[in-house]
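Each remark here refers to the structure printed beneath this line.
Numbering of ligands and ligand atoms starts at 1, following listing order.
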Amino acid sequence: MGDGKKIKIGIIGGSGFDDPTLFENQIEREVTTPFGKPSDVLIEGEIKGVPCVLLARHGRKHQYQPSDVNYRANIWALKEAGCSHVLATTATGSLVEEYKPGDLVILDDFIDRTWGRKCTFFDRTEGGPRGVCHLPMRPAFCERARQAMLKAARAKGYACHDKGTAVVIQGPRFSSRAESLMHRQWGGHLVNMTTVPEVVLAKEAGLSYAAVALVTDYDCWRENENSVSVSEVLAMFSKNVRKAADVVIDAVQILAADTDLTYLDGHQDLVCGAIMLKE
Ligand code: ADE
C-alpha cells in the first residue's frame, strides 16, 4: 500500500450516516463471502471524493443482536471491496466518572468478555486463509487512524477522550452490578457488546481499524442510581450520534490527505509474520 495506491475506507456503524447528500455516486451492492453474508448491503460511494463503503453492523433494520452479527462476513466483505481502513462507531456505557454520557472516546484497548463468537478467519473455512494465526494485540487499534479520529473530534470542539479500554460483554443483557464493579477494577473505562471480535478480525485482515465510542450511560456501578436502560441508551445515542458520524467523516479526509501510507504495509506484514503452519 505504500506504493502510491489510493485508500478506501470502510465505515461500520450505520446510524448517523443517513444524510442522502453525504455519499456521492452511491450504489448498493449485495455481496456474500466464504464466511456467509454480511449484516446488510455494502453502500459504496465517495465522501468528498474519498472512496468509502458503509455497512450497518446490526443490519439497517437493526435485526442482528451483538452475538448474532456475522463479524467475519462484515470485515471480509469490506476487505474484498478493497478497503484499506475501517472506521467504526459504537455506543458504550461508561465505567468511570470522567467519561460522561455524550462524550466521545477514541478506543485504544479492549478486554474480551465475549464467548462463542467466531473470532478468526483462520479456521480452514473453504475460501478463507490457511494456517494458524497468532496475532499480537498490542496495539489493538491502528494508531494512525486513532489519531485521525482524535484530530477530527478536537477540531470540531467535541469532548473527546484520547484513550479508552472497552470491556466487551456478550450481551444481550447488560452487566450485573457486581460485574460492572469488577469491570471497573479491571481498569475498563467503557463497556459495550461489539468491539470484539470486530477489531480482532480487522487486524487479521490487515486493515487499519479505529473506533469512536459514544458514551450513552453510566452502566450500573454508581451508588443510588438506576441501572442503564434501553430507552436511556437510545435517547443519548440519537441525541449525540451526529458527533460520532462527524468524527468519522472528517477522519476520512484526514486519512486521505496523508501522503505516507507505509503504515498500511505494516498492518499486512504483521499478519504475514503471525501465521504458522502455512499450507
Ligand atoms: N452499550 C451502551 N451502553 C452499554 C452498557 N451499559 N453495557 C453494554 N453495552 C452498552
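Every ring-ring contact (aromatic ring centres under 6.0 Å, His included) that Trp221 has, sequence neighbours left out, goes to Tyr218. In terms of the side chain to side chain donor-acceptor pair (under 3.5 Å) criterion, Asp217 has no residue partners (sequence neighbours excluded).
The side chain of Asp217, and not its backbone, has at least one atom closer than 4.0 Å to an atom of ligand 1 (non-hydrogen atoms only; side chain from C-beta on).
Counting atoms of ligand 1 from 1 in the listed order, those under 4.0 Å from a heavy atom of Asp219 are 5 (C), 6 (N), 7 (N). Every atom of ligand 1 is numbered from 1 in the order shown, and the set under 4.0 Å from a heavy atom of Met193 is 8 (C), 9 (N).
Here's the thing with Ile169: none of its N/O atoms is less than 3.5 angstrom from an N/O atom of ligand 1.
Remark: the Arg113 side chain and the His183 side chain contain an N/O donor-acceptor pair separated by less than 3.5 Å.
Closest protein heavy atom to atom 7 (N) of ligand 1: Phe174 CD2, 3.4 Å. The protein atom (non-hydrogen) at minimum distance from atom 4 (C) of ligand 1 is Gly93 N, 3.4 Å. The shortest contact between atom 1 (N) of ligand 1 and any protein heavy atom is with Ala91 O, 3.3 Å.
Between atom 2 (C) of ligand 1 and the options Thr216, Val228, Leu190, Asn192, the minimum heavy-atom separation is to Thr216. The closest non-hydrogen atom to atom 10 (C) of ligand 1, taken over Val191, Val168, Leu95, comes from Val191.
Surrounding NZ of Lys37 are more than 12 heavy atoms belonging to other residues, nucleotides or ligands, all under 6.0 Å away.
Between the side chain of His58 and the main chain of Tyr64, a donor-acceptor pair closer than 3.5 Å is present.
Ring-plane geometry between His161 and Tyr99 is classed as parallel, the angle between the planes falling under 30 degrees on a 0 to 90 degree scale with a further cut at 60.
Note: the hydrophobic cluster containing Val241 also contains Ile11 (ILVMFWY, side chain heavy atoms under 4.5 Å, direct or indirect links).
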